[in-house]
Amino acid sequence: MNTPPVLFRLFADETLYANIATGLGAEHGRIEHRRFPDGEAYVRILSDCAGRDVVVLCGLDHPDAKLMTLILAAETLAELGAARLTLIAPYFPYLRQDQRFNAGEAVSARHFGALIARYFDALITVDPHLHRIHDLASVCPITCEVVPAAPAIAAWIKATVTRPLIVGPDAESEQWVAAVAGLASAPYVVGEKIRRGDRDVTVSLADTACVTGRTPVLIDDIISTGRTMAGVVELLTGPDRPLPVCVGVHALFDDETLALLQRAGAGELVSCNTITHSTNAIDLADSIVAGVVASRSSTTR
Ligand code: R5P
């Protein structure tokens with residue numbers, strides 16, 4: 001019988017961790033981590049990992065506050081003899097800065113990916129924001145397994161929304177929107193977005209009449225400032241129209257943004273549990289477990 005992996009949790013949702021551990025038949029890894037009074041990170045691995053297949057589930061929203069702990073854990077696990085180190089980062093950050101838009105800018109996607117590849121043998125993540133980069137392994141050169149949220153989102157829509165019309169804010173979103181629409185057997189439309197600044201976004205839709213008789217379900221991979229989602233909501237609200245349902249894969253937003261979206265006219269607002277958030281309604285534990293299993297059959301180094 002194969003020895004089960006040891007699964008550690010860093011900054012990730014407890015329930016998601018427990019469900020992934022059950023799905024993988026993993027041993028719960030014991031780890032202590034905290035901050036010294038001066039803010040520096042402290043990590044101690046308490047489980048025996050020598051020769052073991054080790055998996056770390058790490059929440060990586062607001063990554064700068066978590067990265068040093070993750071690196072100390074990975075270095076220590078390797079020193080203690082872990083045979084293979086896999087990172088499950090349900091949200092993989094820093095991908096939106098995927099090119100040098102202005103002279104002198106850091107291409108964060110490349111540098112962050114390379115950093116993670118230095119410490120791990122494999123990465124499992126959910127719907128990474130791949131726009132100009134087509135393959136995650138081109139910035140993070142290890143075994144990369146991309147877990148799609150579309151099947152779970154489509155199942156949620158089928159169970160919850162009557163006569164949905166799936167709406168994406170921009171061409172970038174079409175990859176997710178088309179997949180969800182196909183699986184939910186629903187039509188879809190995609191808008192056009194112009195971003196002038198972090199909080200200055202305009203979205204347009206060629207034809208808003210297509211919503212007639214349907215409940216719009218707006219889908220985006222990331223909701224951060226909420227300006228993109230709010231722009232679409234405003235286009236689709238009106239008398240006698242059902243309130244738009246909003247679905248984000250990665251909920252990076254705070255309560256102020258939630259209020260902004262509600263003021264704009266959003267109805268139900270839900271997210272996947274890649275980031276612990278009050279709007280979490282779509283569980284991806286089984287999809288992530290399938291991703292880990294698939295990553296074991298791929299090898300790149
Ligand atoms: C864009 O590139 C992404 O797919 C999202 O549309 C974007 O990150 C949403 O950001 P915000 O909520 O700040 O408008």
Side-chain angles (χ1 to χ4, degrees), residues 59-64 89-102 105-110 112-113 125-136 139 146-150 153 166-181 188-205 216-237 244-272 274-280 282:
L60 275 180
D61 53 302
H62 304 94
D64 297 6
Y91 169 65
F92 197 76
Y94 277 113
L95 290 176
R96 282 176 290 174
Q97 183 72 21
D98 60 0
Q99 77 175 36
R100 185 166 290 124
F101 300 96
N102 298 294
E105 284 179 349
V107 184
S108 315
R110 216 163 56 213
F112 187 79
T125 191
V126 177
D127 286 343
H129 186 85
L130 298 179
H131 180 206
R132 283 156 285 257
I133 295 165
H134 297 294
D135 177 12
L136 187 55
V139 289
V146 169
V147 174
I153 294 176
I166 315 297
V167 184
D170 53 17
E172 287 172 46
S173 69
E174 185 156 6
Q175 52 185 307
W176 299 288
V177 166
V180 171
Y188 77 89
V189 289
V190 163
E192 262 184 53
K193 175 165 89 176
I194 300 173
R195 184 182 284 283
R196 288 174 221 86
D198 289 344
R199 289 166 200 278
D200 185 3
V201 175
T202 310
V203 187
S204 56
L205 267 180
V217 180
L218 285 39
I219 300 184
D220 208 355
D221 63 330
I222 293 172
I223 306 177
S224 171
T225 68
R227 295 310 198 270
T228 302
M229 203 50 112
V232 191
V233 167
E234 280 160 7
L235 291 174
L236 296 176
T237 43
V245 174
C246 300
V247 181
V249 178
H250 307 294
L252 282 172
F253 58 99
D254 56 15
D255 287 349
E256 209 177 300
T257 296
L258 186 58
L260 172 121
L261 286 163
Q262 284 161 345
R263 278 197 307 277
E268 189 165 11
L269 176 51
V270 299
S271 61
C272 300
T274 58
I275 294 171
T276 307
H277 197 271
S278 63
T279 58
N280 287 167
I282 301 171

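Since we're looking at a predicted model, the values are computed, not measured. Starting from 1, each residue takes its place in the sequence as its number. In listed order, ligands and their atoms are each counted from 1.
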Atoms of ligand 1, numbered as shown, that sit under 4.0 Å from any heavy atom of Ile223 | 12 (O)
His129: numbered ligand 1 atoms lying under 4.0 Å from its heavy atoms | 1 (C), 2 (O), 3 (C), 4 (O)
Nearest protein heavy atom with distance in Å, relative to atom 2 (O) of ligand 1 | Glu172 OE1, 2.8 Å
Please write down residue, atom name and distance for the protein heavy atom closest to atom 13 (O) of ligand 1.
-> Thr225 OG1, 2.6 Å
The one among Ile222, Val203, Asp221, Thr228 that brings a heavy atom closest to atom 3 (C) of ligand 1 | Asp221
For ligand 1, find out whether one of its N or O atoms is nearer than 3.5 Å to an N or O atom of [X].
X: Gly226; result: yes
X: Lys193; result: yes
X: Ser224; result: yes
X: Asp198; result: no

Of the backbone atoms (N, CA, C, O) and the side-chain heavy atoms from C-beta on, which set of [X] has a member under 4.0 Å from an atom of ligand 1: side chain, backbone, both, or neither?
X: Asp220; answer: side chain
X: Met229; answer: neither
X: Arg96; answer: side chain
X: Arg195; answer: side chain

Qualifying residue, where the test is side chain to side chain contact (heavy atoms under 4.5 Å, CB included) with Cys246 and the options are Val217, Leu269, Val232, Thr279 =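 Testing Cys246 for a side chain to side chain contact (heavy atoms under 4.5 Å, CB included) against Val217, Leu269, Val232, Thr279 leaves exactly one candidate, Leu269.
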Would the number of heavy atoms belonging to other residues, nucleotides or ligands and lying under 6.0 Å from [atom1] of [X] be above 12?
X: Glu105; atom1: CD; answer: yes
X: Asp198; atom1: CG; answer: no
X: Asp255; atom1: CG; answer: no
X: Glu192; atom1: CD; answer: no

Mind jotting down which residue pairs meet the ring-ring contact (aromatic ring centres under 6.0 Å, His included) criterion with at least one end in residues 251-270? Sequence neighbours excluded, please.
-> Phe253-His277
Report yes if some heavy atom in the side chain of Val107 is under 4.5 Å from a heavy atom in the side chain of Val139; otherwise report no.
->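 With C-beta onward as the side chain, the pair stays apart.
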Can you give each donor-acceptor pair under 3.5 Å made by side-chain atoms of residues 221-231, sequence neighbours left out, with the distance rounded to 0.1 Å?
from	atom 1	to	atom 2	distance (Å)
Asp221	OD2	His129	ND1	2.5
Thr225	OG1	Arg227	N	3.2
Arg227	NH1	Thr225	O	3.2
Thr228	OG1	Lys193	NZ	3.2
Thr228	OG1	Arg195	NH2	3.4

Is the closest side-chain donor-acceptor distance between Thr202 and Arg196 under 3.5 Å?
->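 Looking only at side-chain atoms, Arg196 and Thr202 do form a donor-acceptor pair, the distance falling under 3.5 Å.
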